[in-house]
Number of protein chains: 2
Amino acid sequence: MAVQTVAGNTGVSLGSADALSCRECGERFPLGPVFACEMCFGPLEIAYDLPAGDPEGLRKRIEAGPNSIWRYAPLLPVPADVADKPNLNPGFTRLVKADNLARELGVTGELHVKDDSGNPTHSFKDRVVAIAVEAARAFGFTTLSCSSTGNLAGAVGAAAARAGLRSCVFIPHDLEQGKVVMAAVYGGELVGIEGTYDDVNRFCSELIGDPAGEGWGFVNVNLRPYYAEGSKTLAYEICEQLGWRLPDQLVVPIASGSQLTKIDKGLRELIALGLVEEKPYKIFGAQAAGCSPVSRAFKEGHDVVRPVKPDTIAKSLAIGNPADGPYVLDIARRTGGAVEDVDDTQVVEAIKLLARTEGVFAETAGGVTVGVTKKLLEAGLLDPAATTVVLNTGDGLKTLDAVAPTTGPSAIIRPNLDSFREAGLA
Amino acid sequence: MAVQTVAGNTGVSLGSADALSCRECGERFPLGPVFACEMCFGPLEIAYDLPAGDPEGLRKRIEAGPNSIWRYAPLLPVPADVADKPNLNPGFTRLVKADNLARELGVTGELHVKDDSGNPTHSFKDRVVAIAVEAARAFGFTTLSCSSTGNLAGAVGAAAARAGLRSCVFIPHDLEQGKVVMAAVYGGELVGIEGTYDDVNRFCSELIGDPAGEGWGFVNVNLRPYYAEGSKTLAYEICEQLGWRLPDQLVVPIASGSQLTKIDKGLRELIALGLVEEKPYKIFGAQAAGCSPVSRAFKEGHDVVRPVKPDTIAKSLAIGNPADGPYVLDIARRTGGAVEDVDDTQVVEAIKLLARTEGVFAETAGGVTVGVTKKLLEAGLLDPAATTVVLNTGDGLKTLDAVAPTTGPSAIIRPNLDSFREAGLA
């Protein structure tokens, strides 16, 4: 019954991906460009037939693989030959052992920053888009699309260009010029919508249901179940880079909440496959105070998340109605973590703290996770003696405005030694 | 005699680095923070005692090393334990097989782009600065410094922060705010000099000779012989990523010319060590027309380079009096290459061409190399059937202004399907 309702998309082969499965009712559907359960409207996610039984062999296979997310191809919804196809090969970014930051924060255990600014378009979005591209190819889509206010637009434009797909990205018409340039430079269609980001999203949903949208893969709508799996690779890389070891604590930013849930999924898969030794880990969620519906729900003990109107400089996290909020609450509570938020001043301070201690210039989302890490340590919720991994999911070059007003030269001098001495620099 | 003239800096151990040697007269000096020959004022470079005799063992050792330039530590002036010290671990960036670009340019052989935008601060400068940091540590310097108008300032600030060194970076006082923010965010001293870039440089030379500059390592002045060696890693990586194979042709940008000469040095070392099979290769230099003294000298058949006043959007290449210009001319002529230049319009077109075909958003220097590649192919100077590697040494996010005036949305529409259809997008 369920099989028949997804017309024309059976027979698609995407590696070890087995089916789509509803996160609410568990109903299974064949792989196709759908994202909501026909039974209960719950979100669909990928179910796998993972290569269990030989952890040592799998580990060796991964370690011999390419320096990109494709080393984990056996655990992703992608064809086995994915690394040979034209794509941006994102991932396997640096795990920075942050001893200087640890000292400043009073952390006595290992503190690491997973720095995703090294991805091809400098945010973690390259991971999720790369998986969506493979799904788009499998389903015969010829146009890659999305709604975006920033990182995603560039990631989709770049990935489509390299893959030889047409792209058409929708943005609010009044974005800052820098973001528009970054979205347009890859040569795809870039369409400004006269309206808010919500209007853009609404229009995209309309387009998917219209004949005009036929052959279009919207990475964060009808390809969302595939797309979202890309975030699992953050969990895989962190554990492999720790020497095939689970961290004790992770601090993860929350926008829609999808990334946090997939990191948890990735960690559980590594345990199930025997690639890491099972032990407890805690996942902490980080939001900006100006868009903190999940943090509020966590603190108030609610299971549902009440939408808010975002007002924060952390624009890449400014989703007022996070689709995966309830799942995030589950995971934070189940693992013994928490969800916390910091205000914009703390975000800026945290960006500078990370830059000054480790030479990593994070975007505002990284300021949120570092700021929340500091706050959770002060509150005694993070164990300073444990092994902690903090995520930086984007690049400071993309959010220069956040730090610009308070970041400048320490002195302006004339080009001579007297002037240098007068400024107290000698 | 020569040994005694470099006071107090004998006994320094930097891996397989053996001595400083004059590129003009061949005189050797012990390792120290000096950059010019005391005999003839020629530039000094590092002489090595390289680990010859077991190419297979060396290759295996490199392949088992970290995913950074430190995999080549045995071939660099760095201590053996360099990877364990706090540094930014740059390098091992993507070599992008550029089939789409090859098609557009009529290249029938292999075309690759070495994309250094994936480095920690998004330019190749992280490579050279990382080596300079090790020299600074070895010589007991406590402050890392440089004069810069862009990429180098950020690279020095970030590397010093992570290494726990003080930094003091000098820039012209009237730089664009974005560049100032990038240079200042790492928390070191940033000093604006009331004057031109030439004034900044002159002041730095003065400071090195003054007691106020004691304990200061200027990465591109008194640490220059070490710093420059970092560019060899581009040659190593390209060959390793080609499967331990020399390319037939390389297109390299020219600022001071140092990078091109060190790439040639790196290739010759790989041949001498038996890590690649010897065969001819051609090195082509690329300049912007608005700052093309080496290109002009090459075309006019001169051995010396006549300085020019730069006027180009490719600011990271805008050195009017390139110190290594004569050596570049030698190498281009010896290998059968050439030096060519493209104007600013061609630079912008080339940036967009690379973005549209491969999803790589290059800074203006990358526009110069891709533009020159196109021009050299059209002139029949580059062999379209050969294996060619083009360098992109920086990130488009740092030179947004170059493409902004001609890069924007393809349409602005109202959020409905009628408006979408009217715009001809369906």
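Since the structure is predicted, the reported quantities are computational estimates derived from the model, not experimental observations. First the proteins, then the strands, lettered A, B, ... as listed; each starts at 1.
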Sort Arg103(A) into side chain, backbone, both or neither according to what part of it lies under 4.5 angstrom from a heavy atom of chain B.
neither

In terms of heavy-atom pairs under 4.5 Å with chain A, which of Leu190(B), Val96(B), Val403(B) leads?
Leu190(B)

Which of the residues Leu175(B), Asn67(B), Asp99(B) is involved in the greatest number of heavy-atom pairs with chain A at under 4.5 angstrom?
Asn67(B)

Given that the side chain runs from C-beta out, which part of Arg421(A) has a heavy atom under 4.5 Å from chain B: side chain, backbone, both or neither?
side chain

Heavy-atom contact with chain B under 4.5 Å, split by part of Val169(A)
neither

For chain A, which candidate among Glu206(B), Lys398(B), Glu214(B), Arg202(B) shows the most heavy-atom pairs at distances under 4.5 Å?
Glu206(B)

Please flag which part of Val360(B) lies under 4.5 Å from any non-hydrogen atom of chain A: side chain, backbone, both or neither.
backbone

Most heavy-atom pairs under 4.5 angstrom with chain A, which of Gly187(B), Cys168(B), Ala184(B)?
Ala184(B)

Contact leader toward chain B among Leu400(A), Leu353(A), Asn119(A), Asp210(A), where contacts are heavy-atom pairs under 4.5 Å
Asp210(A)

Between chain A and each of Gly195(B), Pro120(B), Ser419(B), count heavy-atom pairs under 4.5 Å; write down the option with the most.
Pro120(B)

Engaged part of Asp395(A) at the chain B interface, taking heavy atoms whose separation is under 4.5 Å
side chain

Which residue out of Ala355(A), Gly164(A), Ala158(A) racks up the most heavy-atom pairs below 4.5 Å with chain B?
Ala355(A)

So which part of Asp199(A) gets closer than 4.5 Å to some heavy atom of chain B, the side chain, the backbone, both or neither?
both

For chain A, which of Phe420(B), Phe92(B), Trp216(B) has the most heavy-atom pairs under 4.5 Å?
Phe420(B)

Mind checking the CG-OH spacing from Leu354(A) to Tyr186(B)? Nearest 0.5 Å is all I need.
9.5 Å

I'd like to verify something: which residue of Asn100(A), Asn89(A), Thr406(A), Val185(A) has the highest number of heavy-atom pairs under 4.5 Å with chain B?
Val185(A)

Of all heavy-atom pairs linking Ala404(B) and Gln177(A), the shortest is CB-NE2, 3.8 Å

With a 4.5 angstrom heavy-atom cut-off, which part of Leu425(A) approaches chain B: side chain, backbone, both or neither?
both

Atom of Leu417(B), atom of Phe203(A) and distance for their closest heavy-atom approach
N-CE1, 3.8 Å

Taking all non-hydrogen atoms of both residues into account, name the closest pair between Gly192(B) and Pro409(A) and its distance.
N-CB, 4.3 Å

Measure the shortest side-chain to side-chain distance between Ile412(B) and Val191(A) over non-hydrogen atoms and say whether it is less than 4.5 angstrom.
no

Between Leu88(B) and Arg94(A), which heavy-atom pair has the shortest distance, and what is it?
O-NH1, 2.8 Å

Closest non-hydrogen atoms of Ala161(A) and Gly359(B), given as atom of the first, atom of the second and distance, are CB-N, 4.1 Å

Residue pair Lys97(B) / Arg162(A): nearest heavy atoms and the distance that separates them
O-NH1, 2.9 Å

Residue from Ile413(A), Val180(A), Thr407(A) scoring the most non-hydrogen pairs under 4.5 Å with chain B is Ile413(A)

